[in-house]
A.B. asks: 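This is the structure I want to talk about, given as structure tokens.
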Amino acid sequence: MGIQHFRLPDVGEGLVEAEIVSWKVKPGDTVKLNDTVVEIETAKSLVELPVPFAGTIAELLVPEGETVPVGTPIIAVQTDAAGDETAPADGGAEDLVPTVPEPDNGGRTAVLVGYGPRTTEAKRRPRKGSTPAPVAAEPAPVVPAPAPEPVVAKSNEPAGSVHVLAKPPVRKLAKDLGIDLASVTATGPGGIITRADVEGHVTAPAPAPAVEVAPVVSGRGDTRVAVKGVQKVMAQAMVASAFTAPHVTEWITVDVSATMELVDRLKGDKAFRELKVSPLLIVAKAVTLAARRTPVINAAWDEPAQEIVYKGAVNLGIAAATPRGLIVPNIKNADALTLPELCAALNDLVATAREGKTQPADQAGGSFTITNVGVFGVDAGTPIINPGEAAILAVGAIRKQPWVVDDEIVPRWLTTLALSFDHRLIDGEKGSTFLADVAGILEDPARALMF
């Protein structure tokens, strides 16, 4: 019998930290290999993690709501195996210090899935049982192993940093008392902070601050919310895009009455009987068709290589507002799908996003994005290009408005399209051609036969 520690893995997106959202097990539960044990929120989505071994849950090492770096032990499982390098010599579960594996792939640490953050400059704890090679013929003197150093943990530290040895109840006590565990001296075995250490810290005199900080003045009813997870990454990506790619935005107002008629006909078609058909489906199809005539729309600018990368397929991103922030999952090879297949893919994408279950792989590799601001009753906007892409199309609300047809004013279904594009690789002629092609297909869906 032995204790196995499951460490927070990089789930394949360059993850550096994640929040423990909910545990699916409790101490004493029996788990099989690959049973789901925890749901985490990464910088992009909610992810369910399977346990990589079978046994009995010994301890949950991180409470719900806490954010920890990749590589942190999050759960201890008692197995039939003799234990692994994370288990202490006495077979207990007290050793919570993560033993960092040897670096791989240019200094990046191999984890359960993919690779974690670079650790080439971080101190590493020696592997248990490892012996330094002798430097002389005579036997090396026996040196007792050093006691583990007390280490500091903050839930928002970057990966590669060390963190405090303290069990969840002690962490909660410190949080309730407003105490930073980094400032508490550990007296427990192996450098673990105990309840007595936290309680004793309350009565200890506080050191004088080195720098006087002006107090933050808040008005009545102010609320502060930490920026993290999906929202944090979205904000960083938008800032990087806005100040890296020179944006140009063009607008066009389109009579989409024919598109609305087509949508009504498709709703009654047996091929779409189990599907939800909307004007967005026709917009998506129009984008994939128009990209054939203007392939640079589906390209990307490679700054280090100073190259334009033309994508081999249209991986069509659809901006989705979720309770956890804005995400952009994409439909792989959207240009190769039939209209019913594209409709089914859109339905699945929207449903998954609303449930908060979109996986990192579904958000990676996008080549062009559509943002449908019309669903909020907005007529138009100037969208910011999704990083790694060259353009984004905003679709405004579709409203019945007066329109001139054959010199007569008649009510028609109108919408406004706004195309933002990266002027480093898309000039005005190409951007205008693409936008006009999309508008032409929406105005007369039969025009799609020309592409």
A.B. asks: Supply the atom-to-atom distance Lys430 NZ to Asp427 CG, rounded to the nearest 0.5 angstrom.
C.D. replies: 4.5 Å
A.B. asks: Before you tell me yes or no, could you show the steps for Leu349 and Asn347 under side-chain contact (heavy atoms from CB on, under 4.5 Å), namely the whole-Å CA-CA distance, both residues' side-chain angles and the distance that decides it to 0.1 Å?
C.D. replies: CA-CA 6 Å; Leu349 179 147; Asn347 287 187; over 6 Å; no
A.B. asks: Say you draw a straight line from CD1 of Ile398 to OG1 of Thr259; how long is it, rounded to the nearest 0.5 Å?
C.D. replies: 7.5 Å
A.B. asks: Would Thr253 and Thr415 count as a side-chain contact (heavy atoms from CB on, under 4.5 Å) here? Give the steps.
C.D. replies: CA-CA 6 Å; Thr253 300; Thr415 191; over 6 Å; no
A.B. asks: Between Arg399 (side chain only) and Gly377 (backbone N and O only), is there a donor and an acceptor less than 3.5 Å apart?
C.D. replies: yes
A.B. asks: Report yes or no: does Glu389 contribute a side-chain atom to a donor-acceptor pair with the main-chain N or O of Thr369 at less than 3.5 Å?
C.D. replies: yes
A.B. asks: Return yes if some donor-acceptor pair links the side-chain N/O of Thr72 with the main-chain N/O of Val68 below 3.5 Å, else return no.
C.D. replies: no
A.B. asks: What I'd like to find out is whether the side chain of Leu339 reaches to under 4.5 Å of the side chain of Leu281, using heavy atoms alone.
C.D. replies: yes
A.B. asks: How long is the span from the CD1 atom in Ile20 to the CG atom in Leu8, to the nearest 0.5 Å?
C.D. replies: 6.0 Å
A.B. asks: Heavy atoms only: give me the nearest Val254-Leu442 pair and the separation to one decimal.
C.D. replies: CG1-CB, 4.4 Å
A.B. asks: For the pair Asp302 (side chain) and Ala305 (backbone), establish whether a donor and an acceptor sit closer than 3.5 Å, ignoring hydrogens and angles.
C.D. replies: yes
A.B. asks: Is the shortest heavy-atom distance from the side chain of Leu316 to the side chain of Val287 under 4.5 Å?
C.D. replies: yes
A.B. asks: For the pair His5 (side chain) and Ile75 (backbone), establish whether a donor and an acceptor sit closer than 3.5 Å, ignoring hydrogens and angles.
C.D. replies: no
A.B. asks: Which pair of non-hydrogen atoms, one from Gly365 and one from Asn315, has the smallest distance, and what is that distance?
C.D. replies: O-ND2, 2.9 Å
A.B. asks: Counting only N and O atoms by type, is there a donor-acceptor contact under 3.5 Å from the side chain of Asp362 to the main-chain atoms of Pro329?
C.D. replies: no
A.B. asks: Applying side chain to side chain donor-acceptor pair (under 3.5 Å), name anything that partners Thr249, two or more places apart in sequence or on another chain.
C.D. replies: Ser420
A.B. asks: Taking the side chain as C-beta and beyond, is there a heavy-atom pair between Trp413 and Trp403 under 4.5 Å?
C.D. replies: no
A.B. asks: The test is side-chain contact (heavy atoms from CB on, under 4.5 Å); show your working for Val47 and Leu49 and say whether it passes.
C.D. replies: CA-CA 6 Å; Val47 179; Leu49 295 183; 4.1 Å; yes
A.B. asks: Tell me, with the steps shown, if Asn386 and Ile392 meet side-chain contact (heavy atoms from CB on, under 4.5 Å).
C.D. replies: CA-CA 7 Å; Asn386 204 30; Ile392 179 172; 5.6 Å; no
A.B. asks: What closest approach, in Å, do Ser367 and Lys311 show between heavy atoms, and which atom pair accounts for it?
C.D. replies: CB-CG, 3.8 Å
A.B. asks: Please report the closest heavy-atom contact between Ala448 and Ile441, naming both atoms and the distance.
C.D. replies: CB-CG2, 4.3 Å
A.B. asks: Treating Trp23 as the side-chain partner and Val62 as the backbone partner, does any N or O pair qualify as donor plus acceptor under 3.5 Å?
C.D. replies: yes
A.B. asks: Could you give the distance from CD1 (Ile318) to CG (Asn372), rounded to the nearest 0.5 Å?
C.D. replies: 8.5 Å
A.B. asks: For the residue pair Gly381 and Ala394, what are the closest heavy atoms and their distance?
C.D. replies: O-CB, 4.4 Å
A.B. asks: Assess, by modelled atom type and distance only, whether the side chains of Thr358 and Gln363 contain a donor and an acceptor separated by less than 3.5 Å.
C.D. replies: no
A.B. asks: Below 4.0 angstrom, N of the basic side chain to O of the carboxylate: do Lys32 and Asp35 qualify?
C.D. replies: yes
A.B. asks: Does Phe368 have its ring centroid less than 6.0 Å away from the ring centroid of Phe421?
C.D. replies: no
A.B. asks: Please tell me if the side chains of Glu39 and Lys357 come closer than 4.5 Å, counting only heavy atoms from C-beta onward.
C.D. replies: yes
A.B. asks: So, Asp422 side chain and Ala391 main chain: donor-acceptor pair closer than 3.5 Å or not?
C.D. replies: no
A.B. asks: Just how far is it from atom CG of Leu266 to atom CG of Leu275, taken to the nearest 0.5 Å?
C.D. replies: 10.5 Å
A.B. asks: Within this structure, what is the CG-OG distance for the pair Leu414 and Ser257, rounded to the nearest 0.5 Å?
C.D. replies: 6.5 Å
A.B. asks: Indicate yes or no: at least one non-hydrogen side-chain atom of Trp301 is less than 4.5 angstrom from one of Gln306.
C.D. replies: yes
A.B. asks: More than 12 heavy atoms of other residues, nucleotides or ligands under 6.0 Å from CZ of Arg424: is that the case?
C.D. replies: yes
A.B. asks: Side chains of Ile426 and Val296: does their closest heavy-atom pair fall under 4.5 Å?
C.D. replies: yes
A.B. asks: Between Lys26 and Ile57, is any pair of side-chain heavy atoms under 4.5 Å apart?
C.D. replies: no
A.B. asks: Restricting to non-hydrogen atoms, name the atom on Cys343 and the atom on Val277 that form the minimum distance, rounded to 0.1 Å.
C.D. replies: SG-CG2, 4.1 Å
A.B. asks: Quick one: does any side-chain atom of Ser183 pair with a main-chain N or O of Asp180 as donor and acceptor, under 3.5 Å?
C.D. replies: yes
A.B. asks: Got a sec: does the CD of Glu429 have more than 12 other heavy atoms crowding it under 6.0 Å?
C.D. replies: yes
A.B. asks: Verify, without hydrogens or angle tests, whether Asp80 (side chain) and Gly55 (backbone) share a donor-acceptor contact under 3.5 angstrom.
C.D. replies: no
A.B. asks: Could you check if a side-chain atom of Asn330 sits within less than 4.5 angstrom of a side-chain atom of Lys332, using non-hydrogen atoms only?
C.D. replies: yes
A.B. asks: Less than 4.0 angstrom from a charged side-chain N to a carboxylate O is my criterion; do Lys24 and Asp29 meet it?
C.D. replies: no
